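Working notes, structure below.
Convention: sequence-line order gives letters A, B, ...; per-chain numbering from 1. Keep in mind that this is a model prediction, so the values were computed, not measured.
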Amino acid sequence: EAAVTQSPRNKVTVTGGNVTLSCRQTNSHNYMYWYRQDTGHGLRLIHYSYGAGNLQIGDVPDGYKATRTTQEDFFLLLELASPSQTSLYFCASSDAGGDERLFFGHGTKLSVL
Amino acid sequence: QQQVRQSPQSLTVWEGETAILNCSYEDSTFDYFPWYWQFPRESPALLIAIRPVSNKKEDGRFTIFFNKREKKLSLHITDSQPGDSATYFCAASAGTGNYKYVFGAGTRLKVIA
């Protein structure tokens, strides 16, 4: 079973704060994704990447930056956090081209006060 | 604008009944349609998936029916069990080599014993 680990599990920050969410996968998957989950909206794609140094823009990228430093590590950066970014964030990875299923981490609950 | 739409938002059925969850999409280039389920306080996981080369995919009590002309699909859960109570997400991706997955807002299913 693919392992995707997110940290932290919970984060509280204030408006204007700087937040970094981390994700590590240990199954050598090429694709990694950041989604946010909000009631009534399902899962919305923020950014994704197909390898180290690559970044693709998702459907709701405003206010977010991301960086894929290695095959294993994908970071989501909120440089000026706003209350509208309060959400549950999921990282996922997939072996695109093989078994395409997404393997999700346990999520990071972010609250921006 | 939601590229993938799901209905109903919530559904309650009795144990043993068939639950029908609906999904529709706009983009005719979508060619892979996975369904994910998510239990409370857990992350989403792949349940079943279909490609348009076929109009039906079955896995035990779970069946996807696909209508390419109408851009609609549905998930049928026969002999519903209380353990099937979860939120079900329809997702889509477009074209081999394009591993961007967009999700619907989800259907919350409750099965009453």
| note | Taking every heavy atom of A:Gly105 against every heavy atom of B:Ser43, the minimum-distance pair comes out as O-CB, 3.1 Å

| task | Could you look at B:Pro34 and say if it's the side chain, the backbone, both or neither that has a heavy atom under 4.5 Å from chain A? | result | neither

| Side chain, backbone, both or neither of A:Tyr35 within contact of chain B (heavy atoms, under 4.5 Å) | side chain

| field | Contacting region of A:Leu102 [heavy-atom separation from chain B under 4.5 Å] | value | both

| Structural part of B:Tyr36 lying under 4.5 Å from a heavy atom of chain A | side chain

| query | Could you state the interatomic distance from OG1 (A:Thr39) to CD (B:Gln9), rounded to the nearest 0.5 Å? | reply | 10.5 Å

| Can you tell me how far the CG atom of A:Leu45 sits from the CD atom of B:Gln3, to the nearest 0.5 Å? | 10.0 Å

| message | Hydrophobic clusters here meaning ILVMFWY residues chained together by side-chain heavy-atom distances under 4.5 Å, can you tell me if A:Leu21 and A:Val60 are in one? | response | yes

| query | So, for A:Gly40 and B:Ala105, which heavy atoms are closest and what is the spacing to 0.1 Å? | reply | O-CB, 3.5 Å

| Is there a path from B:Val13 to B:Ile77 through hydrophobic residues (I, L, V, M, F, W, Y) whose side chains come within less than 4.5 Å of each other? | yes

| A:Leu88, A:Leu76: one ILVMFWY side-chain cluster at the under-4.5 Å cut-off? | no

| query | For A:Gln37, is it the side chain, the backbone, both or neither that has a heavy atom under 4.5 Å from a heavy atom of chain B? | reply | side chain

| query | Has A:Lys109 got more than 12 heavy atoms of other residues, nucleotides or ligands less than 6.0 Å from its NZ? | reply | no

| Under 6.0 Å from the NE2 atom of B:His76, do we count more than 12 heavy atoms belonging to anything else shown? | yes

| task | Evaluate side-chain contact (heavy atoms from CB on, under 4.5 Å) for B:Tyr101 paired with A:Tyr48, printing each intermediate quantity in order. | result | CA-CA 10 Å; B:Tyr101 300 93; A:Tyr48 63 112; over 6 Å; no

| query | B:Gln6 versus chain A, heavy atoms under 4.5 Å apart: side chain, backbone, both or neither? | reply | neither

| ILVMFWY network linking B:Phe103 to A:Tyr64, side-chain heavy atoms under 4.5 angstrom | no

| message | Please give me the minimum heavy-atom distance between B:Pro44 and A:Phe104, naming the atom from each residue. | response | O-CD1, 3.3 Å

| Atom OH of A:Tyr50: over 12 foreign heavy atoms under 6.0 Å | no

| Under 6.0 Å from the NZ atom of B:Lys100, do we count more than 12 heavy atoms belonging to anything else shown? | yes

